[in-house]
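Predicted model, so just to flag it, every value in this text is computed and none were measured.
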Amino acid sequence: MLNKIKNFDVNKSGNFYRFLVYMIDNSGLNSYNNFMAKIINVIKGTKDILPQEVGAWQKLEETALNIFSKYGYHEIRTPIFEATELFARGVGDTTDIVNKEMYTFEKSDRSLTLRPENTAGVVRSFIENGMSRLSAPVKLWYKGPMFRYERPQAGRQRQFHQVGVEMFGIKQPAADAEVILLAVNYLKALGLNDLEVEINSLGCPTCREAYKAKIKEVLKPELDNLCEDCRTRYEKNPLRLLDCKVESCKEIFEKPEIKKVIQSDFICEECAEHFKTLKSYLDKTGIKYVENKLLVRGLDYYNRTVFEIKSNNLGSQNAVCGGGRYDSLVKNLGGEDTPAVGWAMGMERLNALLPDVAVKKLDAYIVSTSPSDAFEFAEELRAAGKCVEFDLANKKFTKQLEKASKVANYALILGEDEIKENKVSVKNLETSEQTTVSRDMVLSLI
RNA sequence: GCGUCUGUCGUCAAGUGGUUAAGACCUCGGAUUGUGGUUCCGAUAUGCAUGGGUUCGAAUCCCAUCAGACGCCCCA
């Protein structure tokens, strides 16, 4: 008895109190059977994907395989956790993702981290498996769960899923264009047409440094008037200053002398040429886009092209896709100098834009009083490719038929009369039409 | 990490200080021993997230904790 009690968490005194009340009320020792064990809930920021929702997910995954294959991309599956250092070096240690959002744990003197994104993992695999020796471009795609310790809200969870592509080995803007085209066509294939593509160029490290310096210079006198976040950004990543939403900061950025610097075309000739060519390719393929000079991505590894795809039908987390070029990441992680470009989409956000997919009905439900005959017949139909179920609990005929009408297109009645004559009554549950045929005819009817 | 709002059955909910906590859907059983999807009947919360407080009396008021939703930050 005491052992049984010990199995429950008596510290949650609500349940324990209820248990005591039961003991007193019934003044018996058998009543612990009525005591419900404590329920364990899903972890904050995680979700079950239930059978009625999973159809949309399957569609996302099937469409990904379908579309990406057409462009020659191959799926890669990397581990869900990696060395912490990979993300610190890959994603960048000035980012929020690395600084405060990683699920990190120690095991055997190693620091490991649940992946907050998958570009770093794919790059690690690219290097480790010597893919730089493969004929460029190397085109990879992935899908799977990612983990970030953030406050959950609409379109944001702690475990969420991304589908993404990475292309290695091509420095020409055609790679950027293909990757963007791929994103747009994937979204189109999902039936999502009214999304907005925003692009920008961050320039190369050289021209960006000059730009950063200019911004810092022109903002220096205003430093005290900026919000706290902006003052940190001023030091850490001045480019991020630009999309601040605080009114007082916006006003400062509107001042003519500051606006002039922000909007100046700071990128060097080569970068400008790259960006221009990219735009010409996008124009050629008919992709509509808007240039957004304030578009800066939160991961440190991007250079030149960055882009986002946004929807107006989501909450405040409205970006479904984000990506760009990261020419120095492979080298920074110890590989050969290899240009690369890619993007990731948030599958939960895509899902929010997709209509529900109905749960598929069975082809047939066998209604029978003889489980052994039903087993045999069901296996026969399943072997022929049909989806078939039957009652496993010896329920009454009417109950079986009721169940059939809920879950299947056809009821296959295999009663005593039918079994004797080796026949089956096939009932169309939509039209109520019923015919009795020999067993081998059934497949041609359902 | 900060802010706002919300927690009543598996789900959606009524109830805003008074005794046995409406109703609907779902589920299960029956009407119906071989004909469902319509109909009718019945069953299902010793309790209102949890703990404490105020009160003769609390789902209802107060406090704390926990959880959820949304927003900020950030990102997909």
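Donor-acceptor pairing under 3.5 Å is lacking for the side chains of D373(A) and S368(A).
Across all strands shown, A13(B) has no partner, as no Watson-Crick or G-U wobble contact with both distances under 3.5 Å is found. Applying the Watson-Crick and G-U wobble criteria (two distances, each under 3.5 Å), G7(B) pairs with C66(B). Nucleotide U19(B) has no partner under the Watson-Crick or G-U criteria, as no pair reaches both atom distances under 3.5 Å.
Using a 4.0 Å heavy-atom distance criterion, K100(A) is classed as making no nucleic acid contact. When heavy atoms are screened at a 4.0 angstrom cut-off, E430(A) is found touching base atoms of the nucleic acid. Within 4.0 Å of I413(A), counting heavy atoms only, lies at least one base atom of the nucleic acid. Within the 4.0 angstrom heavy-atom criterion, base atoms lie near D417(A). Using a 4.0 Å heavy-atom distance criterion, E308(A) is classed as making no nucleic acid contact.
Taking every heavy atom of residues 309-323 of chain A and every atom of RNA chain B, pairs under 4.0 Å involve G315(A), S316(A), Q317(A), A319(A), V320(A), C321(A), G322(A), by number.
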Exercise for review: Could you encode protein contacts along nucleotides 1-8 of chain B as a string, one character per nucleotide from 5' to 3', using B for base contact, S for sugar-phosphate-only contact and - for no contact, with a heavy-atom cut-off of under 4.0 Å?
Suggested key: BBB-----

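Here, A13(B) and U20(B) have their P atoms 27 Å apart, quoted to the whole Å. Annotation: A49(B) and U8(B) have their P atoms spaced 6 Å apart (nearest Å). Annotation: G23(B) and G18(B) have their C1' atoms spaced 22 Å apart (nearest Å). Here the separation of U60(B) from U50(B), taken at their P atoms, is 11 Å to the nearest Å. Taking the C1' atom of each, C48(B) and A22(B) are spaced 14 Å apart, rounded to whole Å. A24(B) sits 16 Å from U38(B) when the P atoms are compared, rounded to a whole Å. The same atom, P, is picked in A45(B) and in G10(B); the two are 10 Å apart, to the nearest Å. Taking atom P on both nucleotides, G42(B) is separated from C25(B) by 13 Å, rounded to a whole Å.
Here G34(B) is the nucleotide among C75(B), G34(B), C28(B) with the atom lying nearest to any side-chain atom of E418(A). Taking only side-chain atoms of R148(A), from C-beta outward, the nucleotide of C28(B), G34(B), C75(B) with the closest atom is C75(B).
Contact between the side-chain N/O atoms of K396(A) and the OP1/OP2 oxygens of G34(B) is not found at any separation under 4.0 Å.
For the side chain to side chain contact (heavy atoms under 4.5 Å, CB included) with L329(A), the lone residue among F126(A), Y301(A), F168(A), Y302(A) that qualifies is Y301(A).
With hydrogens and angles ignored, no donor-acceptor pair under 3.5 angstrom links the side chain of Q400(A) to the base of U35(B).
Taking for each of K399(A) and K427(A) the nucleotide of RNA chain B with the nearest heavy atom, the 5'-most of the two is the partner of K399(A). Along RNA chain B, the nucleotide nearest Q157(A) and the nucleotide nearest G45(A) are compared for position; the residue whose nucleotide lies closer to the 5' end is G45(A).
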